Amino acid sequence: MTSAEPIAESISFPHRHLLTCENLTAGEITALLDLADKAAEINRQVNKKRDVLRGRTLINLFFEASTRTQSSFELAGKRLGADVMNMNVSTSSVQKGETLIDTAMTLNAMRPDIIVVRHYAAGAVELLAQKVDCSVINAGDGAHQHPTQALLDALTIRRAKGRIEGLTVAICGDILHSRVARSNIHVLNTLGARVRLVAPSTLLPAEPERFGVEVYTDMWKGLEGADIIMMLRLQRERMQGSLVPSVREYFHFFGLDHEKLARAKPDALVMHPGPMNRGVEIASTIADHSRSLIREQVEMGVAVRMAVLEALARNLPNS
Amino acid sequence: MSPLMRATDKKKAGTATRTAFINARLVDPATDRDEPGGLLVVEGEIADLGPHLRRNAPEDAEVIDCKGHVLAPGLIDMQVFTGEPGAEHRETLKTASLAAAAGGVTTIVVMPDTNPVIDQVALVDFIQRRARDNAVVRVHTMAALTKGLEGKEITEIGLLKRAGAIAFTNGKNSVADTKVMYNALLYAKDFGALIVHHTEDPYLSQGACMNAGHVAARLGLPGVPKAAETIILDRDIRLVEITGGRYHAAAISCRESLDIIRTAKAAKLPVTCGVSINHVTLNENDIGPYRTFFKLRPPLRAEEDRAALVQGIASGDIDVIVSSHDPQDADVKRRPFAEAADGAIGLETLLSAALRLHHTEGVSLTVLLRAMTSNPAKLLGLPTGRLEKGAPADLVLFDLNQPWVVDREALRSRSKNSPFDESKMQGRILLTMVAGDIVYQYPEPPRV
């Protein structure tokens, strides 16, 4: 038995695509989070199925390997009643040399309603969005944006702390290569949090202050009085080369251990977008700690993606 | 037992020694002091100093009559290569320290160009332990800036600094990869670490063995153009501009480099530079008939460069004078010039050679000593290098004028590759004190 009821009655979300967090207003973000709160309730029921997307086709197009984001979108689409197709890029025509735009045109001809795209190159999702008639959701493009991650993080924080405004959030680790950081900075700033970046200078982008954040290269200082500590994944290839000398040194100065955690507020909570490198950016015992929101983040991931799909579906033609 | 331990041991034993230097000419570049006076050492520290102690010594103190000679802070030599670990037949920390003591040098900074390269915490610890047990002067170590000095991956700068590495350097080689150097400056800055860099473009200098110019042309030797140095120095300063990292050019060799440093300093960049004693006292003509003791890196340049570098010291644009002590044995030096090893020893002759600039080129004693005492101390964050109440009693007493002739066989270094062999010197070390203990005396007291 499915319910034809939408998750919520109405929502103001005047966008065809979700490509970046940068054009979202506080009102729009809050509306999505409210919607996602309701979706989270649905997800905890026995009957999780709605059919607001019945008859709609959702294509997951992932040019970069992903477990949690892809399955999260797949589940979100299915729970809303859409037909979901996962494009396996490693066996697709992309591997045979097809350009991104040709792939987009081909998929467009199949008349999907929503395409969820992850691509290793910054800007690739936006390029694809210009060439198709359907809605496009950015599931991560290079080091640029990963909007649904920032929304699920915001939802997780709001549910755990009851608010976002006024909280001090320390985003720690490889900011330079992180689309998660870039998305979160915008969403958290828009919702009134105080955002700090904590990283060695080699893992910070140029002029980081211009993001409207406080920058720390000393993690002990950067965590002082923080409400939320958001750890980022350090990719293995960054550890060989001239950005970071070794896992040992990185963990010593920028890994989250109990000593550094003690600098944050006593009720500070810890987040990580996953997948984690235990013992590199986060101590194992903290990852599994009661103060860790990491599993909550995964749960909210499905809820937020349902909210985003529903919000975009309302703006689709013929609805 | 290490001499450095002695004062402390005496303190523990309750028989603290007091040494009073009387009738001295106190020269302290840190405070611009140059006046007759005395200095009292208690428990390894300078307890008091000044004109009032010129003729007065506490009754229980051991009195040293300086006879009007110069009493100055012991020298700090920022660039010393040894063979420990890996080439102990050339020099050990112990033999280097004996040479240092005889040269009035109370602190040496050893370079990581050893075998293995000092690029790990355990090796920094090794140097510190070996020095503590065997050396008669203070020893600090620079750690490698890149793993294996290969110029590819940065080392654990944070942990190495915590372990005691005093600065970071790529030793005798420049980091050729600009991105690596950029990241190194950026990363080191987070830890307040100083990068000391040899500036020589490895491509432009490949295969070359002396200064490019007419002398090299006449000798038929491939030359290193000055541009090999200025290209890297210029590049590095651009990188300092965007990273803000602390940078010290280890040893410049030509006028053009000095100009680059002056411009960088005028722009208030965190840039300093050093020069080796060889490059301000010798020039390419000294090579004469292929004398390999004058084969150095960077190479000895033309006389006009040498003169410009002396002016750089006088003006204060050159911050530090180093010995660039680099022991090489006969096996690697007695070869055709192009095949011979680079480097010259210099610890024991550092001060006497430097005094040439005072005696014959008008550089004031204070300015000259500053480049070997308070300036390196400031750069490296050391408490020594000054005559000040409470400062460690690291001192050198020297006769500004006494003539002597260098005999390389009499030098204490285990290697004998001195470019000053048979040179006439004016100015002789009379006594060297480290932490209140006399580690060198001239003439040497008879052995019991």
Side-chain angles (χ1 to χ4, degrees), chain A residues 143 170-178 196-210 213-224 232 234-257 259-260 263 277 279-281 283, chain B residues 112 117-125 143-163 165 168-170 174-193 195 197 235-236 238-247 270:
Chain A
I171 304 176
C172 310
D174 185 0
I175 314 281
L176 180 64
H177 302 98
S178 178
R196 296 177 181 175
L197 303 183
V198 180
S201 296
T202 44
L203 295 180
L204 284 168
E207 303 180 68
E209 308 79 17
R210 294 188 62 178
V213 295
E214 295 168 34
V215 181
Y216 294 84
T217 55
D218 179 332
M219 191 165 178
W220 285 266
K221 287 183 187 151
L223 295 191
E224 205 79 60
L232 297 175
L234 182 71
Q235 290 181 20
R236 292 261 165 198
E237 58 266 29
R238 314 288 179 219
M239 291 175 236
Q240 281 116 36
S242 55
L243 293 175
V244 171
S246 69
V247 170
R248 177 170 67 159
E249 172 140 321
Y250 187 77
F251 186 73
H252 193 280
F253 291 100
F254 293 98
L256 186 63
D257 53 17
E259 188 201 322
K260 297 191 198 82
R263 293 297 188 99
N277 291 305
V280 176
E281 69 261 353
Chain B
V117 167
I118 309 303
D119 61 359
Q120 290 183 41
V121 168
L123 292 166
V124 169
D125 196 49
L145 181 62
T146 62
K147 291 173 189 166
L149 297 173
E150 286 174 355
K152 290 174 190 153
E153 298 178 26
I154 58 173
T155 52
E156 297 173 321
I157 291 174
L159 295 173
L160 287 163
K161 184 163 189 274
R162 191 167 284 198
F168 294 83
T169 179
N170 217 47
S174 290
V175 174
D177 187 324
T178 308
K179 189 69 183 274
V180 173
M181 191 63 188
Y182 168 77
N183 283 325
L185 281 160
L186 208 52
Y187 191 78
K189 184 189 158 203
D190 293 346
F191 297 97
I195 290 183
H197 203 212
R235 176 203 74 172
D236 288 353
R238 301 271 170 197
L239 295 177
V240 169
E241 225 164 33
I242 51 175
T243 59
R246 286 174 66 209
Y247 177 88

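All figures in this text were calculated on a predicted structure; none of them were measured in a lab. Because only heavy atoms are used, hydrogens play no part in the values below, and waters and symmetry mates are left out as well, while side chains stay in. Chain A is the first sequence line, chain B the second, and so forth, proteins listed ahead of strands; every chain is numbered from 1.
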Exercise. Is the backbone of A:Ser242 close enough, under 3.5 Å, to the side chain of B:Lys152 for a donor and an acceptor to pair up by distance?
Worked result: no

Problem set entry | Contact residues of residues 174-185 of chain B (partner chain A; heavy-atom separation under 4.5 angstrom) | B:Lys179, B:Val180, B:Asn183

Problem set entry | Greatest number of heavy atom pairs closer than 4.5 Å to chain B - which of A:Thr202, A:Leu204, A:Thr217 | A:Thr202

Exercise. Among all residues two or more places apart in sequence or in another chain, which pass the side chain to side chain donor-acceptor pair (under 3.5 Å) test with B:Arg238?
Worked result: none

Exercise. Which residue out of B:Ile242, B:Leu159, B:Thr155 racks up the most heavy-atom pairs below 4.5 Å with chain A?
Worked result: B:Leu159

Problem set entry | Check: B:Asp190 side chain, A:Pro200 main-chain N or O, donor-acceptor pair, under 3.5 Å | no

Problem set entry | Between NZ on residue B:Lys147 and OG on residue A:Ser246, distance to nearest 0.5 Å | 6.0 Å

For this session: Check A:Arg248 against B:Val121 and note the closest heavy-atom contact, atom names and distance.
Result: NH2-CG2, 4.4 Å

Exercise. Do B:Glu156 and A:Tyr250 have side-chain atoms, one donor and one acceptor, less than 3.5 Å apart?
Worked result: no

